[in-house]
Novice: 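Before I ask anything, let me first share the structure, which is written out below as structure tokens.
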Amino acid sequence: MIQSRPNAHLERIALSTSILDGLNEQQRIAVTAPDGPVLVLAGPGSGKTRVLAHRIAWLVRERGVPPWRIVAMTFTNKAAREMRQRVEKLLGNEIQGIRLGTFHAICARILRDQADHLPITRDYVIFDTPDQRALIRSVIADDLGLDEKRYPPERILAAISQAKNDLITPQDYQPTTYFEEIVKRAYQRYQERLLANNAVDFDDLLMHTALLFAQYPQVLRAYHRLIDHILVDEFQDTNGAQYALLKQLAEARRNLFCVGDEDQSIYRWRGADYRNLTRLRTDFPDLLTVLLEQNYRSTQIILDAAQAVINKNPYRTPKRLFTLRQGGPAIVIYEAYDEEREAQFVVDTIAALVAQGEVEPRECAVMYRTNAQSRALEDAFVRANLPYRLVGATHFYARREIKDIIAYLRLIHNPEDTVSLRRVINTPPRGIGEKTLEGLERWAQEQGLSLGAALMRLSEEGEKGVLEARSYRALAAFAHRLDEWRRVSAHFSVGTLLKMVLDETGYLDYLNDGTEQGEERVANVRELVNVTAGYEDVPLSAFLEEVALVSDVDGMDEAVNAPSLMTLHTAKGLEFDVVFLVGLEEGLLPHQRSFDDPEEMAEERRLMYVGMTRARRRLYLVYAFRRRAWGESAVTQRSRFIDDIPPSLLASGAGLTEGGYAAPRRIRAAQPPRWTAGDKPAPAPRRSFKTGQRVVHPQFGSGLVIEVRPSGNDEEIRVAFDRAGVKRLLGSYADLKLLEDG
DNA sequence: CTGATGGGCCTTTTT
DNA sequence: GGCCCATCAG
């Protein structure tokens, strides 16, 4: 433990009992640290989230800090939820009023409250990635007249994002290459267009807030008066803008409490800056640093192996991780023939471990580098008739049909949202084609109006001469509808409004084209209707904000007792008894794109480290002899990271047969999934379906229920159909019938 | 104006 | 192997 300040406070520790119960010496020191800046540097499984939660509870309970004077920031919604639960457990309803959320959510709130100081109104919308893409493409092609082949939107957006993360405005942007010259111009126009849409993107949430504080010291002072303590989880993931925010907010009281682990920094690509650790030490010279080195999660064998991998990274604060959990099973390395056999090995091994009573299915996880790798795994689970949970990945709100509907709501809420207007003005088709739109645009420009304003004006004042009669009628009819929705939007719930839009536009009929895909899209929209059921008394603005910031209908359903599939990035912060790291091949982990950049290679190594340290007891490192990518199968080379692990920690010849890649012994999976036996009784009695049941659908035929989760007043059911593949269905809508076993 | 078809591109990772 | 997009026919 390193300490740069005396710790007379240790004597007080004895006073507070329950909140410090079960914490070790170092954890207690961190939790009860006196006022002032604190940095808790902690290895994996050392209870850093726990320390953070206990710190909050301790501040409230022992130090009498009012909860609403505490701000706690996380990076993901999941982390925020978990943190809230932990603190709730310690404090009960005293937690009321605590400001706890992701950086983005907290900034979104601040921007709304301070909209008067900003070039946006309280009703601003948040543009997500597809929106950003649409906008930047329009900037490149329409505004700058450039070829998007030569200036890929993604690259331009990435450069803009980087600038924003460093709080560089278009005016301050200093191009050094011709490409950057283009970026500067695109950035400039992009920001103008965002403001014209009364919109901000993800990065803007942070940048605008930081710039707001810099520009209006009196606003910042108001927050200083409001906030006593600021706590940050996963500090190593902060980017420039986030660090600036923390510094601004903490500069008055200096009560900044950060926890983090530089070895788990895996978000460099989205602007995370490891130098923030150095900055913190410089900006807060009286920083108290506490090191948590005891690991409560993994066996010593797993810890040693992970340590061997991470030790190859230069420039780290050396940590000496230890655990009292000596021994444990050796690490298993397995070479499969191809990705199919790889997946089969995973499924078979889990089935065997479960059958032996070694582990609960929900305590197993499979982790991979890229989302694309999940397919082979899902196939294997489905083939074996075994349920699984896919974490993250499915960007529900990114689906076309969902985006359409959200665009309607956003347009109703924010008339200036041109991106949404363009999206829905002819969806479903209502006779407003390219020509008509062009005409409207031209007129808008002449009148100096935004597209949305022009549309409304056109219908109001009967500017009939402007456009051809047919076009005019179509536009006026749409404007009328829009106007009507806006009029009633304040009086109805989001759900009612949504149904109204669906009914009056005939959107569901438009989707339902008789194809399977159409069916699925309709189901997705109905799912969205269900989601809105949970927002009965919530204003439209709050609903839209949540939809933008909560990337998914996310959160693992704890009730389903099945293994989890996820990327290594989503795995951070989680732990499982049994972990499979798959696809450990050169080009995949480490990823190809890291080969020529030592910094990125170091990050790949940290990714491996994060994955390994998720395991409590058993760790399987798996790779395939050959793998299919882009339809082509190629021979692979196993990951260099595997070779960094001392052989003494590995199971002798584990899983490796003579030829190296022979198929594993097939373990027959019982038809009804055998690992639902230990399922907890379903918490919601409303459920009518259960994981593992055989069902039949009039269109898709027979299949197996692989996941059931409550959603609003209904339930969402994932079914693996024997022929039609995996579908997501809605309990009350889908005409599902239970099939008798046999 | 819309829907069908075929070609090009792709795959990191997330708020 | 799939998705998005541009192009073309109706």
Side-chain angles (χ1 to χ4, degrees), chain A residues 73-80 101-108 126-134 137 141 148-149 152-154 158 161 164-165 200-207 234 237-239 241-242 265-272 339 367-376 379 391-393 395 397-400 426-437 470-471 474 510 513 515 517 545-552 554 566-573 583 587-595 597 600 603-604 606-608 610-611 627-633:
Chain A
M73 315 242 205
T74 64
F75 278 80
T76 65
N77 295 297
K78 195 177 62 195
T102 62
F103 274 92
H104 289 85
I106 286 171
C107 286
I126 300 166
F127 272 19
D128 64 8
T129 312
D131 299 328
Q132 293 181 52
R133 240 178 76 102
R137 289 186 60 184
E148 60 176 67
K149 295 264 157 35
E154 284 76 16
S161 172
K164 288 183 175 180
N165 287 335
V200 304
D201 66 18
F202 285 130
D203 300 316
D204 281 337
L205 288 172
L206 308 173
M207 180 174 80
E234 309 280 15
D237 287 334
T238 51
N239 63 30
Q242 285 159 333
S265 160
I266 53 176
Y267 285 105
R268 204 177 83 98
W269 52 273
R270 72 169 195 208
E339 74 273 359
M367 300 170 189
Y368 36 82
R369 179 65 232 270
T370 67
N371 275 311
Q373 288 170 261
S374 74
R375 173 159 303 132
D379 285 351
V391 184
H395 292 268
Y397 289 112
R399 288 167 202 262
R400 201 177 318 150
N426 200 33
T427 316
R430 53 175 72 90
I432 304 176
E434 208 178 319
K435 286 255 173 65
T436 306
L437 193 55
R470 197 168 54 116
S471 305
Y510 157 72
D513 53 1
T515 66
Q517 205 178 36
E545 179 178 308
E546 183 134 333
V547 162
L549 292 175
V550 180
S551 63
D552 238 312
D554 62 357
M566 67 190 83
T567 66
L568 285 163
H569 283 88
T570 23
K572 190 157 79 158
L588 219 42
L589 186 70
H591 195 272
Q592 193 126 22
R593 306 234 330 212
S594 68
F595 282 170
D597 183 347
E600 289 201 23
E603 180 144 317
E604 297 291 308
R606 291 194 291 270
L607 216 37
M608 176 84 177
V610 166
R627 180 174 298 274
R628 252 228 296 261
W630 297 282
E632 295 286 303
S633 178

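In what follows, chains carry the letters A, B, and so on, assigned in the order in which the sequence lines appear, proteins first and then strands, with residues in each chain numbered from 1. These values consider heavy atoms only, across backbone and side chains, with no hydrogens, waters or symmetry-generated copies.
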Novice: Please report, rounded to the nearest Å, how far the C1' atom of B:dT15 is from the CD atom of A:Gln132.
Specialist: 10 Å
Novice: Starting from the C-alpha separation in whole Å, work towards a yes-or-no answer on side chain to side chain contact (heavy atoms under 4.5 Å, CB included) for A:Gln132 and A:Phe202.
Specialist: CA-CA 9 Å; A:Gln132 293 181 52; A:Phe202 285 130; 4.0 Å; yes
Novice: Write down the protein N/O and nucleotide N/O pairs, taken from nucleotides 7-10 of chain C, whose separation is under 3.5 Å; answer none if there are no such pairs.
Specialist:
none

Novice: Looking at every non-hydrogen atom in both residues, tell me the closest pair between A:Asn371 and A:Thr567 and how far apart they are.
Specialist: OD1-CG2, 3.1 Å
Novice: List in chain and number order the residues that pass salt bridge (Lys or Arg N to Asp or Glu O under 4.0 Å) with A:Arg137, two or more places apart in sequence or in another chain; answer none if no residue qualifies.
Specialist: A:Glu148
Novice: Stacking between A:Trp269 and the base of B:dT13 (centre distance under 5.5 Å, interplanar angle under 30°)?
Specialist: yes
Novice: Can you identify which nucleotide, out of B:dT15, C:dA6, B:dC1, has its nearest atom closest to the A:Thr436 side chain?
Specialist: B:dC1
Novice: Which one of A:Thr370, A:Ile266, A:Leu607 satisfies the side-chain contact (heavy atoms from CB on, under 4.5 Å) criterion with A:Leu568?
Specialist: A:Leu607
Novice: What distance separates A:Asp204 CG from A:Lys164 NZ, expressed to the nearest 0.5 Å?
Specialist: 3.5 Å
Novice: Within the 4.0 Å heavy-atom criterion, would you say A:Phe103 contacts the bases, only the backbone, or no part of the nucleic acid?
Specialist: nothing
Novice: If you count every heavy atom of other residues, nucleotides or ligands that lies below 6.0 Å from A:Glu154 atom CD, does the total exceed 12?
Specialist: yes
Novice: Between B:dT2, C:dC5, B:dT15, spot the one nearest the side chain of A:Arg133, thanks.
Specialist: C:dC5
Novice: Rounded to the nearest angstrom, tell me the gap between atom CG in A:Asn165 and atom C1' in B:dT15.
Specialist: 11 Å
Novice: Want to settle it: does A:Glu154 or A:Tyr267 sit nearer the 5' end of DNA chain B, counting the closest nucleotide to each?
Specialist: A:Glu154
Novice: Starting from P on B:dT13, measure out to CZ on A:Arg606 and report it in whole angstrom.
Specialist: 18 Å
Novice: Could you state the atom-to-atom distance from CZ of A:Phe202 to C1' of B:dT15 in whole Å?
Specialist: 5 Å
Novice: Return no unless some side-chain N or O of A:Asn371 is found under 4.0 Å from OP1 or OP2 of B:dT14.
Specialist: yes
Novice: Which nucleotide in the set B:dT2, B:dT11, B:dT14 lies at the smallest distance from any side-chain heavy atom of A:His591?
Specialist: B:dT11
Novice: Nearest to the side chain of A:Asn426, which nucleotide is it out of B:dT14, B:dC1, C:dG2?
Specialist: B:dC1
Novice: Within the pair A:Thr567 and B:dT14, is there a side-chain N or O less than 4.0 Å away from OP1 or OP2?
Specialist: yes
Novice: What's the CD1-C1' distance between A:Ile266 and B:dT15, to the nearest Å?
Specialist: 14 Å
Novice: Taking the six-membered ring for Trp, are A:His591 and A:Trp269 ring centroids under 6.0 Å apart?
Specialist: no
Novice: Starting at the 5' end of DNA chain B and moving along, which residue's nearest nucleotide shows up first, A:Glu600 or A:Thr76?
Specialist: A:Glu600
Novice: Measure CG/A:Asp237 against C1'/B:dT15 and give the value in whole Å, please.
Specialist: 12 Å
Novice: Expressed as a whole number of angstroms, how long is the span from A:Asp131:CG to B:dT15:P?
Specialist: 16 Å
Novice: Counting any heavy atom closer than 4.0 Å, what does A:Ile432 reach on the DNA or RNA strands: base, sugar-phosphate only, or nothing?
Specialist: sugar-phosphate
Novice: Could you report the tightest heavy-atom contact between A:Thr74 and A:Thr76, atom names first, then the distance?
Specialist: OG1-O, 3.1 Å
Novice: Counting only side-chain heavy atoms from C-beta out, which of B:dT2, C:dG2, B:dT14 sits nearest to A:Arg375?
Specialist: C:dG2
Novice: Between atom OH in A:Tyr368 and atom P in B:dT13, what is the gap in whole Å?
Specialist: 10 Å
